[in-house]
Engineer: 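One structure, pasted below without further comment.
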Number of protein chains: 2
Amino acid sequence: MAREAPSVLVVEDEPAQREVLAYNLEAEGFRVIRAETGDEALMLVDEETPDIVVLDWMLPGVSGIEVCRQLKTRADTRGTPIIMLSARSEEVDRVRGLETGADDYVIKPYSVVELMARVRAQLRRVRPSTVGAVLEFEDIKLDSESHRVYRREEVLKLGPTEFRLLATFMEKPGRVWSREQLLDRVWGRDIYVDTRTVDVHIGRLRKALCQHGGEDPVRTVRGAGYALG
Amino acid sequence: MAREAPSVLVVEDEPAQREVLAYNLEAEGFRVIRAETGDEALMLVDEETPDIVVLDWMLPGVSGIEVCRQLKTRADTRGTPIIMLSARSEEVDRVRGLETGADDYVIKPYSVVELMARVRAQLRRVRPSTVGAVLEFEDIKLDSESHRVYRREEVLKLGPTEFRLLATFMEKPGRVWSREQLLDRVWGRDIYVDTRTVDVHIGRLRKALCQHGGEDPVRTVRGAGYALG
DNA sequence: TGGTTTTGTGACCAGATTGTAACGGCTTCA
DNA sequence: TGAAGCCGTTACAATCTGGTCACAAAACCA
């Protein structure tokens, strides 16, 4: 089954650079959404829900850092990978130091091949769980389009993090995910969060899944992590 | 718990070069095994079963090329990727190196970053198949992805250490592992535990494997160690 | 056969791992 | 703006696991 092309939001104010990037991404089969300013970027994220954002850190108006921070704070966009572009390596260090939570950093001038590779790497990391499909496991049904989860016809109420956690599990039922892998997938790459937080959210997910009765479908694998079924 | 770090066997007689390489690999999270000569390399491949070999072309004694040829001839080591290092840049050598069966070929002086990238590339190429695979031996089935062990359709219950122990055995059924090798593999390199601990865990593994009946598949090799089958 | 070495295993306790309630800080939404 | 909801951390309890020891059993050797 052919999959819809992943969409990339390119945020870059310098037209030449933006077009080179867009050209190459389109040549690789991505759908490209362009933004010139931070405000525009934030608006387009809402409207178009891109699969990944490539973000220049120097922007007129709302800076790239601020865009990144906002996106990584909002629960509904936190899972979208962000690749930050900056002109010098010291800047990368600074940007990192600000704990903006970007998933990857690339120094300009960058090799186009390398950037493509990084875009693909980030998509590989998160995409499967965000694909607009209906995942099913036993009596659980997860509709990533409408962001709804059903268990035996009943709609379950669960928060954004629990949702992504469950989506990750349902992508490969039975597979054991380590706490680190889950943090990487569900929370994001450069985010510092205690691994015990995963346990707490697993507990919340369990409670949510059993709110209308039924067995706990989440399996703890001691010393390894968690799995669905 | 973090996934087991991939191990790299570095074969290089020049101490400075060997340590630079080892330092960088360790910084990247790999476990490094060092060898100075071809003979030593061949021995360590048996003992440590590294995930990948980085091999200098010019070695005292058995040459790099010869080591490569031997490893690529033997059935049990053929799958291990080999990256050859050489000071010479002539096309001829490159061809000869690849003909011998090396999986990649890097010319000295090399960029460390590039070499790391190639190491990772080779591991990506082979690792998924061995890590995600379902190992089988007689009526025992071990699924590393779901962390489950079956014996004749029944799910076996075994702790983390027993699981790793069994996984090690099933990687190479029939192979005899010394207590030291098992400690190294299952417990970790720089951990001090009595070798008798291995015996105790072998006992626990045996009990776990027979919890639903069946023969004991673990063989004791007096004075040497243990093996599966 | 008797003595020696090696291996098997039950029991025990220390420490690690996990489940979960509670809390304070933020964000979101009406 | 206030209330409700969500998040990450922490602390504590319950549970499980791992390493050691001691002694029994088995294998080996002369």
Side-chain angles (χ1 to χ4, degrees), chain A residues 42 45-46 66 69-79 99 101 147 149 156-166 176-180 182-188 190-211 215-227, chain B residues 1-2 147 149 156-166 168 176-180 182-188 190-211 215-227:
Chain A
L42 288 170
V45 166
D46 281 336
E66 181 55 23
R69 208 191 52 71
Q70 288 203 25
L71 292 181
K72 285 299 177 182
T73 306
R74 281 171 42 189
D76 61 327
T77 52
R78 178 147 59 185
E99 284 175 0
H147 256 241
V149 178
L156 299 187
K157 184 165 162 13
L158 60 170
T161 305
E162 281 102 87
F163 182 85
R164 278 208 300 282
L165 205 45
L166 179 61
V176 175
W177 300 79
S178 72
R179 290 169 175 72
E180 287 78 9
L182 290 172
L183 279 178
D184 195 52
R185 279 233 161 196
V186 176
W187 275 259
D190 225 26
I191 280 190
Y192 72 101
V193 172
D194 198 284
T195 58
R196 288 307 310 278
T197 300
V198 175
D199 300 61
V200 175
H201 277 276
I202 288 285
R204 290 170 181 165
L205 174 60
R206 280 179 164 139
K207 190 181 283 183
L209 287 173
C210 300
Q211 64 194 252
E215 285 275 302
D216 172 16
V218 179
R219 172 168 56 110
T220 303
V221 182
R222 205 154 228 273
Y226 299 96
Chain B
M1 180 200 296
H147 257 252
V149 179
L156 300 186
K157 184 171 165 5
L158 56 170
T161 306
E162 282 105 84
F163 183 85
R164 285 201 299 275
L165 203 46
L166 179 61
T168 300
V176 178
W177 299 80
S178 74
R179 289 171 176 74
E180 286 77 12
L182 290 173
L183 277 178
D184 201 47
R185 274 221 156 213
V186 176
W187 277 258
D190 27 46
I191 276 202
Y192 166 73
V193 270
D194 199 286
T195 58
R196 289 304 313 277
T197 299
V198 175
D199 301 66
V200 176
H201 276 276
I202 289 284
R204 289 171 181 165
L205 174 59
R206 280 179 163 138
K207 188 183 282 184
L209 287 173
C210 300
Q211 64 193 254
E215 284 276 300
D216 171 17
V218 179
R219 175 167 53 105
T220 302
V221 183
R222 195 156 230 269
Y226 299 96

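Sequence lines set the chain letters: A, B, ... in the order given, protein chains first and strands last, and positions in each chain run from 1. The structure presented is a predicted model; accordingly, all values stated were derived computationally and were not measured. Values reported hereafter were calculated over all heavy atoms of this structure, with side chains retained and with hydrogens, waters and symmetry mates removed.
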Engineer: Would you say a side-chain N or O of B:Arg206 is under 4.0 Å from OP1 or OP2 of C:dG8?
Structural biologist: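 So the side chain of B:Arg206 is within the cut-off, an N or O lying under 4.0 Å from OP1 or OP2 of C:dG8.
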
Engineer: Once you apply a heavy-atom cut-off of 4.0 Å, does B:Thr220 come out as touching a base, just sugar-phosphate, or nothing?
Structural biologist: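 Touches sugar-phosphate only.
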
Engineer: Please determine, for the side chain of A:Arg222, which listed nucleotide (D:dC16, D:dG18, D:dG8) has the closest atom?
Structural biologist: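 Looking only at heavy atoms from C-beta outward on A:Arg222, the closest nucleotide is D:dC16.
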
Engineer: Which of these nucleotides, C:dA21, D:dC6, D:dT20, is closest to any side-chain atom of B:Val200?
Structural biologist: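 Among C:dA21, D:dC6, D:dT20, the one nearest the side chain of B:Val200 is D:dT20.
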
Engineer: Please give, in whole Å, the distance from C:dT7 C1' to B:Leu182 CG?
Structural biologist: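 In whole Å, C:dT7 C1' and B:Leu182 CG are 15 Å from each other.
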
Engineer: Check whether any side-chain N or O of A:Arg219 sits under 4.0 Å from OP1 or OP2 of C:dT18, and answer yes or no.
Structural biologist: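 Looking at the OP1 and OP2 atoms of C:dT18, neither is under 4.0 Å from any side-chain N or O of A:Arg219.
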
Engineer: Out of B:Leu166, B:Leu205, B:Leu209, which one pairs with B:Pro217 under the side-chain contact (heavy atoms from CB on, under 4.5 Å) rule?
Structural biologist: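 It is B:Leu209, the one option of B:Leu166, B:Leu205, B:Leu209 that forms the side-chain contact (heavy atoms from CB on, under 4.5 Å) with B:Pro217.
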
Engineer: Of the candidate nucleotides D:dC7, C:dT7, C:dT18, which contains the atom at the shortest distance from the side chain of B:Tyr226?
Structural biologist: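 The listed nucleotide nearest to B:Tyr226's side chain is C:dT7.
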
Engineer: What's the CZ-P distance between B:Arg196 and D:dT20, to the nearest Å?
Structural biologist: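 So the two atoms are 11 Å apart, to the nearest Å.
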
Engineer: Between A:Ile202 (CD1) and D:dG8 (P), how many Å, whole number?
Structural biologist: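 After rounding, the gap between these two atoms is 13 Å.
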
Engineer: Would you say D:dG19 has OP1 or OP2 under 4.0 Å from some side-chain N or O of B:Trp187?
Structural biologist: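 For B:Trp187, the contact criterion (side-chain N or O under 4.0 Å from OP1 or OP2 of D:dG19) is met.
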
Engineer: For C:dG10, does either OP1 or OP2 sit under 4.0 Å from a side-chain N or O belonging to B:Lys207?
Structural biologist: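 Checking B:Lys207 against C:dG10: at least one side-chain N or O falls below 4.0 Å of OP1 or OP2.
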
Engineer: Write down the distance between CZ (B:Arg204) and P (C:dT9), rounded to a whole number of angstrom.
Structural biologist: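 Answer to the nearest Å: 12 Å.
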
Engineer: With heavy atoms under 4.0 Å as the rule, sort B:Glu162 into base, sugar-phosphate or nothing.
Structural biologist: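 Sugar-phosphate contact only.
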
Engineer: Take the protein atom CZ of A:Arg179 and the nucleotide atom P of C:dA16, then report the distance between them rounded to whole Å.
Structural biologist: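 Spelled out: CZ on A:Arg179 to P on C:dA16 is 15 Å.
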
